[in-house]
There are 2 protein chains.
Amino acid sequence: MQMREAKRGKTTPEMKAVAEAEGIDIKFIQRGLAAGRLIIPKNAKRENVSVVGIGEGLSTKVNANVGTSPDYVRLDEEVEKAKIAVRYGADTVMDLSVGGNIDEVRRNILRSVAVPVGTVPVYQAGIEAAKSGSVVDMSSDDIFNTIRKQAEDGVDFMTVHCGVTRAAVETLRRAKRLLDVVSRGGAMHAAWIIHNERENPLYAEFDYLLEIAKEFDLTLSLGDGMRPGCLADASDVVQFQELLTLGKLVERAREMDVQVMVEGPGHLPIDHINANIQIEKAVCDGAPFYVLGPLVTDIAPGYDHWVGAIGGAIASWAGADFLCYLTPAEHLCLPSVEDVKEGVIATKIAAHVGDLAKGIGTERDDKMATARRELNWAEQFKLAIDPEKARELRRKRPPTLDPNVCAMCGNWCAIKMVEEYLKRSK
Amino acid sequence: MQMREAKRGKTTPEMKAVAEAEGIDIKFIQRGLAAGRLIIPKNAKRENVSVVGIGEGLSTKVNANVGTSPDYVRLDEEVEKAKIAVRYGADTVMDLSVGGNIDEVRRNILRSVAVPVGTVPVYQAGIEAAKSGSVVDMSSDDIFNTIRKQAEDGVDFMTVHCGVTRAAVETLRRAKRLLDVVSRGGAMHAAWIIHNERENPLYAEFDYLLEIAKEFDLTLSLGDGMRPGCLADASDVVQFQELLTLGKLVERAREMDVQVMVEGPGHLPIDHINANIQIEKAVCDGAPFYVLGPLVTDIAPGYDHWVGAIGGAIASWAGADFLCYLTPAEHLCLPSVEDVKEGVIATKIAAHVGDLAKGIGTERDDKMATARRELNWAEQFKLAIDPEKARELRRKRPPTLDPNVCAMCGNWCAIKMVEEYLKRSK
């Protein structure tokens, strides 16, 4: 158990791997883990996984969601998406399948990628219940048994919407949101609470959840089922009431040595992002913050991966630790393999941009600048976040007069002109 | 003359058009123009142009660069790029041609689009001189005669690198930049200064430049020839020394009733952007700020339009008034028509994201949220920044079970679930 060992002042192979990957002293990792300010999501049962640290002082990590929908159930394609995501730099993958044989998809993905894998178990619990009735017919046991089953498979972290409580639903009812709930898991829990007039089992029986988590060293990702679904609803009472609930649960999880992170919006105007990160860090005592986007405008369907990258870069700079990608398909349809690739690249760029402001990873940019000064194209491609794309563009419109420059300026290359005259006169 | 009329307390049809487009009182426009805090670039000789206001209190505007290179001289394609740029929302177009018959390209573009058109006349002056020698052989007259010729054609605004002075070149020599000069015009002037050991004519004879500008009500865009070309060089003494020079020239231009804006970086880490905007606004007494990007990482060739959109969104939020787009081809080759479209869309999104934080244009996002709650797809497409792209994605992977939702969640649509239960229980 990572957190228990850390609290005892012990180091583990996982801590060592993270320290090496980040170029940080292992003592920093151990202390951060002990304090709950960083996590290493890894199921005790999972083997052959390349561990990753998420949290304070570490580079910003990126998650890619894959998974079937009721409309598109293609096991091979979802596995391919997971592999492509990892190939382009996703640090983790979440399987959010809600169609077909959910067990089969999850187990295949766990076998196919060597990064931490996450799930949202209430999807499967609700969908199974709906087969003989409705999602609101699922029992507390259905939820916990699904969590246990997925943990047995080796899932490393799970989103649990413990903050969607009866009180939260009451607040939602009084609020004048444009979009009430846009979280799929949040909606399932809210519908369940309204229909059954009972408390959310993940909240009422949180200690039981912690027991299961402890057994597998499962990392909990406290979901934001009440996250705003548009800019107009951003940073409202519904959102922050849930966050306050999550802050209390963070404390209880840490007492039980269960690693925990907190999920955040969603849709926020650009000027709300910094405040949201600071509030989460304060209310949740520095727990790693996992944000979706944030999307900083609602009017760009087809480009939401980039809208999320604008928000994600600022969030990363402000202290968010983990960015969930978006794809061009967001708000429109299930993403294709190509959409997954584009989403990962956009989000990797966002994470890197935020990291640069924190002094992390600047060497690569400096090397690129040097390669540009030297008009060294092979080196520029090597350093590029997507070498194929850069190469393809240059290949399509090559310089025809001087192979050293590019076809934008040709001989009027500023770098070439100034280097020539500066050197001559020096 | 817009500024002279404004100073006299008079309003012009152009001020009226801008006031209406922005939904702002014409007195605000007139006062802003009089103070030089906003501009309406329009050559007195240009006809049939849809004017646009740039500056304090107005929505953020977007410029698209087009133009030939020595490697690719295709008049029709450059005209097509200008049209596509305007179709996707570019507020202005700059013709940066450096290949083929530069007069012909410029005149065609001026005839083909109804938005303000800008140029960088030193390109043409340098290239003409190079035909019988070198760019450093151009005379002061060559530069001013080119400016006059382009103004006669109706060019509405021109980038003039008046801040690339002998002193600036000396500072550059002492600086330890990774990339000395990356501005094409800046490089021409710097090479000229070094070779001729003389002061930049645009600086030495700035009053003559103002006379020409006054004659045509030409707007000057004071170029940043010394802008940083990579993150490592950002916000250095070379950059700010030039900005201080430009600040003094802003004052002189205003005295002569010449409209003026100031150009800015370029390459900046995300945490430098706000400071750069605030410093320009202070040093240049609120002159409209026209930024290129800024690019917030150097490692993403092929995606620089989006890297620029991250920087541009923050810049717009911080008070930048005018964003110059970048395309996927930046740093690689001359952009294609498709690259131009992608660049404009990315930059329009950035401008809008920044505007939202300033309270401009929020209604459109609210309408989108309402259309999403109502699962009203026709309305969502109508409100989208690129309806074709959004429609195409949904068409490729349509929902197969319920036409009202999307193929990402299918029946597990959060909006559908919660609306159903919340309404039922209300």
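Quantities reported herein were computed from a predicted structural model and do not represent experimental measurements. Chain letters run A, B, ... following the sequence lines, proteins first and then strands; every chain starts at 1.
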Euclidean distance, [Y] [atom2] relative to [X] [atom1], rounded to 0.5 Å:
{"X": "Leu356(A)", "Y": "Ile299(B)", "atom1": "CG", "atom2": "CD1", "answer": "7.5 Å"}
{"X": "Arg373(A)", "Y": "Leu178(B)", "atom1": "CZ", "atom2": "CG", "answer": "6.0 Å"}
{"X": "Arg184(A)", "Y": "Ile415(B)", "atom1": "CZ", "atom2": "CD1", "answer": "12.5 Å"}
{"X": "Met408(A)", "Y": "Tyr72(B)", "atom1": "CE", "atom2": "OH", "answer": "13.0 Å"}
{"X": "Asp365(B)", "Y": "His267(A)", "atom1": "CG", "atom2": "NE2", "answer": "10.5 Å"}
{"X": "Glu392(A)", "Y": "Leu332(B)", "atom1": "CD", "atom2": "CG", "answer": "10.5 Å"}

Top contributor to chain A contacts, counting heavy-atom pairs under 4.5 Å, from [options]:
{"options": "Leu96(B), Val136(B), Thr68(B)", "answer": "Val136(B)"}
{"options": "Cys333(B), Gly354(B), Ser69(B)", "answer": "Cys333(B)"}
{"options": "Val296(B), Val353(B), Thr362(B)", "answer": "Val353(B)"}
{"options": "Ile270(B), Val405(B), Val169(B)", "answer": "Ile270(B)"}
{"options": "Ala407(B), Ala357(B), Ala187(B)", "answer": "Ala407(B)"}

Under a 4.5 Å cutoff for heavy-atom pairs, which residue among [options] has the most contacts with chain B?
{"options": "Leu179(A), Leu172(A), Leu231(A)", "value": "Leu179(A)"}
{"options": "His331(A), Gln380(A), Met417(A)", "value": "His331(A)"}
{"options": "Val307(A), Ile127(A), Asp402(A)", "value": "Ile127(A)"}
{"options": "Pro399(A), Cys413(A), Ala190(A)", "value": "Pro399(A)"}
{"options": "Ala329(A), Pro269(A), Ala384(A), Pro387(A)", "value": "Ala384(A)"}
{"options": "Gly410(A), Gly302(A), Pro70(A)", "value": "Pro70(A)"}

Residue Ser336(B) versus chain A: region with a heavy atom under 4.5 Å: both
Which atoms of Thr400(B) approach chain A - backbone, side chain, both or neither, heavy atom under 4.5 Å: both
[X], part contacting chain B, at a heavy-atom distance under 4.5 Å:
{"X": "Asn411(A)", "answer": "backbone"}
{"X": "Ser134(A)", "answer": "side chain"}
{"X": "Leu383(A)", "answer": "backbone"}
{"X": "Ala191(A)", "answer": "both"}
{"X": "Asp339(A)", "answer": "side chain"}
{"X": "Phe381(A)", "answer": "side chain"}
{"X": "Ile314(A)", "answer": "both"}
{"X": "Pro335(A)", "answer": "both"}

Passes salt bridge (charged side-chain N to carboxylate O under 4.0 Å, His left out), Glu338(B) versus Lys396(A)? Steps please. CA-CA 13 Å; Glu338(B) 182 61 25; Lys396(A) 268 192 194 163; over 6 Å; no
Looking only at heavy atoms, which two atoms of [X] and [Y] are closest? And how far apart?
{"X": "Ala390(A)", "Y": "Pro301(B)", "value": "CB-O, 3.9 Å"}
{"X": "Ile310(A)", "Y": "Ala313(B)", "value": "CG2-CB, 3.7 Å"}
{"X": "Cys406(B)", "Y": "Asp71(A)", "value": "O-OD2, 4.2 Å"}
{"X": "Leu393(B)", "Y": "Pro328(A)", "value": "CD1-O, 3.3 Å"}
{"X": "Trp412(B)", "Y": "Gly126(A)", "value": "CH2-O, 4.4 Å"}
{"X": "Cys409(A)", "Y": "Val98(B)", "value": "O-CG2, 4.4 Å"}

Go through it in stages, so that I can follow the logic: the residues are Met368(B) and Cys230(A), the test is side-chain contact (heavy atoms from CB on, under 4.5 Å), and I'd like the CA-CA distance, side-chain angles, deciding distance and then a yes or no. CA-CA 9 Å; Met368(B) 179 65 89; Cys230(A) 60; over 6 Å; no
Describe, in one word, how the ring planes of His195(A) and Tyr421(B) are oriented to each other, choosing from parallel (under 30°), tilted (30 to 60°) and perpendicular (over 60°). perpendicular
More than 12 foreign heavy atoms under 6.0 Å from NZ of Lys416(A): is that the case here? yes
Note, Arg372(A) side chain near Val182(B) side chain (heavy atom, < 4.5 Å): no
Any heavy-atom pair between the side chains of Ile385(B) and Thr297(A) that's under 4.5 Å? no
For residues 343-352 of chain B against chain A, heavy atoms under 4.5 Å, the residues are Ile345(B), Ile349(B), His352(B)
Partner set under salt bridge (charged side-chain N to carboxylate O under 4.0 Å, His left out) for Arg177(A), not counting sequence neighbours: Asp236(A)
